Trainee: 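For reference, the structure I am asking about is given below.
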Amino acid sequence: MKRILKQFRGQTISIYIALIAVVILFSALSPTFFTASNIIIVLRQVSSLGIMALGMMYVMLLGNVDLSVGCEVSLLGIVMSYCMVEWGLNIPATIFICIALGLVLGLLNGFVVTYCKIPSIIATLGTSWIFQGISYTICNAQPIYGFPEGFSVLGQGSVGPIPIPIILFAFCALFTSFVLNKTVYGRTLYAVGSNEESARLSGVNTKFIQITSYVICSCFTILASVILLSRVNSGQPSTGIGQEMNVLTSIVLGGICFTGGDGQVSGSIAGVLVIGVLQNGLVMLGAGEYVQLMVKGLILLFALSIDSVKQFIKSRQRTAV
Amino acid sequence: MAERILVVDNVTKTYPGVKALDQVSLAFEKGEIHALVGENGAGKSTIIKTIAGAIKPDSGAVLFERKDLTKMKTSEIRGCGIEVVYQEFNLALQLPVYENIFIGNLAGKGPGNRLADKKYMIETTKKLFEKLGIRIDPESRVDSLSVAYMQFVEIAKAVSRNVRILIMDEPTATLTNAEVEILFKTIRKLKEEGVTILYVSHRMEEIFELTDRCSVLRDGRYIATVHTKDTTRKELIRYMVGREVSETFPTRKSRIGEEVLRAEHLTGNTVSDISFTLHKGEILGFGGLVGAGRTETVEMLFGAARVESGSIWLHGEPVKIPNPRAAVQKGIALIPEDRKRHGLILDKSIMENATLPMLKRFARGSVLNRKLQEKATREQTEALGIKTPGVDQLAKNLSGGNQQKVVLAKWLISSSDILIFDEPTRGVDVGAKQEIYQIMNRLVESGKSIIMISSEMPELLGMADRLIVMCEHKMSGELSKENMDQIQVLELASGKK
């Protein structure tokens, strides 16, 4: 127990409070909210967002950001649709192309940030316009549909009662937690994010770490885009637009430090769940999309201000001693 | 003669407008503690950076066991066992101590050594700390440690890499006496193991207590190398400054007048129950150990931290100082300890820095009048003796002493009459120190009042009219000029009374 508490002490606890609060709130307001079937629905809804958020963690822990993940999802989706429908490729070949392209996009982001030395927020804004432009050009702004049978299994199928996307999400979370906490690569990532200069002077190849972080982020985005495409079962150039903001919101909620070096997988997952629960619960209550936006914004500001209030109280306590 | 392990051979390094190093040659022997002294801007940092490979010299070579370091990559130089503990710590603050020790070189296990071996790293760190006589929990986060402990982590980090040459840049600047003792013990232990130590410090006592030999630089040129035991303080200072400098404190003829500032039972910002008065033309010293709460106290006076209870009186009137802007308007100025972070905008010119608080005064309507700004700045740079080619020089290009004067110029231009100096001579060399003391004297003679926080005992005793001593976030006593002596202050500061 003490160990668990020690784990939590370093990071923000407000996200867990927020998560519990919204769950209790919606359970009270809607009788169907806290049921097994609805919980599964929520989890399935957030799984692609969650996978992207986990990928973004690698980038954010270095103090960078990747704004292009949303448009990357769109682009990969459109390319896969085009391969299957226009070229008639089979599913494995399509996914292979998707992975290859995704890795190239990740490398491109990493290259622009690391070697062209453009601040990541600007660099990935730039690449995101490019990705968006390409996807609209390929499909001529028209949705593409008519995928081979079996493609929808990934997004819509399930193993027993549990949908496949949830399983993939859980796997990604365990994987990321393992990599970040237990491996040399993960701990070096934290070191670079916490003090890049120190790490560089200690002989860390910081450029390698930065580039690979974008490639890893892209790997998670690839998975998310396959899941999304298979769930929607038609390729639309607007699928991913705005997703990057959801991803950012959830992991910032989860206490990932914007300047890098601090943050845990558990926090990110809680952040993702808060976003998912809000979306689901508000729909249940009959609130529209626009209300959802407002609530999301309020929760973000509220959750983050809890931390400053906490720090204020802490500084007063220090005086009292 | 002992083995020469590291030789700096005829190194020259030029920056635009400045010759930072001018054909400097130095030799270091194996297992010696070698001090590198000189005023700010003498080229000590440039030498260190050249040895560490952080900068490449224009000409000349640095030979380590006959290998030329200037031709190597930074990582290869580190591979030779050359480590630098810089003044600005290079630690990953959010990470635990043991990961900082192993940063860039995490111990691995499992397939291909891909998994971080936490247990091994913690054990090794523990052993290392025991060897060095440091008591720190390897698993605590670095940002939870005090500055002194961070310093020890830095040293331990260097030692853990089989250090052969350890370069320390003013390691004691932020340490208390007890901590300095531990540090010296550690350094001597390393020396016994054959490590060569390059020790940069402004504190003369330390150089005489610790070092074997001493090399002096001045204005980027090599002046002399002496055996420390064969030299005197006076001689060293003469080498450093190039002229005789008195180390005594200049006398002043100030008349102490009426009360200008009074704090009553001031509590907040981690300190509690602080009461004192400050008079016109007076220098009030604040003594105590690092971390005793002195900076925290003046932050409240300056409105940089919230006052929880107690009151502040200015010229006999109770006042509220909710933020630094209010303090500036009331004529209170803070010359902070960390001038690079809190006192100056390094990338802006002297003029922009100096006129920042009172920009309105230099504007017609809302449009700035550059001529007026320039005139006011020039007056101050002349009065304070800031050595610079012009007021457009960027603050970051100035030496420590001159930067300090720019911060001061800023407040003199805005005609503040209560000046709070937080460690005014930290990182400032002997010559510039004297100048700063003289400036402070001139200020109080002209009727201003000064609060001076200092950790340097001679400075406190020499400059202050009265002393407030703090201990563990409380006021532990007040001493008037007559009963001010070193023992009294130390006892109060360590809470013995």
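Lettering follows sequence order; numbering is per chain, from 1. Remember, predicted model here, so these are calculated numbers, not experimental data.
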Trainee: What part of N113(B) gets closer than 4.5 Å to chain A, counting heavy atoms only: side chain, backbone, both or neither?
Mentor: backbone
Trainee: Measure A107(B) against the heavy atoms of chain A and call it side chain, backbone, both or neither at under 4.5 Å.
Mentor: backbone
Trainee: What are the residues of residues 189-200 of chain A, in order of number, with any heavy atom under 4.5 angstrom from a heavy atom of chain B?
Mentor: Y190(A), A191(A), S194(A), N195(A), E197(A), S198(A), A199(A)
Trainee: Between K109(B) and chain A, which part of the residue has a heavy atom less than 4.5 Å away: side chain, backbone, both or neither?
Mentor: neither
Trainee: Going by the rule ring pair (Phe, Tyr, Trp, His ring centres under 6.0 Å), which residues pair with F102(B) if we only count those two or more places apart in sequence or in a different chain?
Mentor: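 Counting only residues at least two positions away or on another chain, F102(B) forms no ring pair (Phe, Tyr, Trp, His ring centres under 6.0 Å).
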Trainee: Could you work out, with side chain to side chain donor-acceptor pair (under 3.5 Å) as the rule, every residue matching E65(B), not counting sequence neighbours?
Mentor: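 Scan of E65(B) (side chain to side chain donor-acceptor pair (under 3.5 Å), adjacent residues dropped) gives R164(B).
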Trainee: Which residues pass the ring pair (Phe, Tyr, Trp, His ring centres under 6.0 Å) test with Y115(A), sequence neighbours left out?
Mentor: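 Expected list: F111(A).
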Trainee: Side chains of Y149(B) and V153(B): does their closest heavy-atom pair fall under 4.5 Å?
Mentor: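 No, too far: nothing below the 4.5 Å cut-off.
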Trainee: Does any part of the side chain of V46(A), heavy atoms only, come nearer than 4.5 Å to the side chain of I275(A), both counted from C-beta?
Mentor: no
Trainee: I want to check something: taking the side chain as every heavy atom from C-beta on, are T183(A) and F178(A) in contact at a cut-off of under 4.5 Å?
Mentor: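 Yes, at least one pair of side-chain atoms sits under 4.5 Å.
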Trainee: Tell me whether the rings of Y185(A) and F208(A) are parallel (<30°), tilted (30 to 60°) or perpendicular (>60°).
Mentor: perpendicular
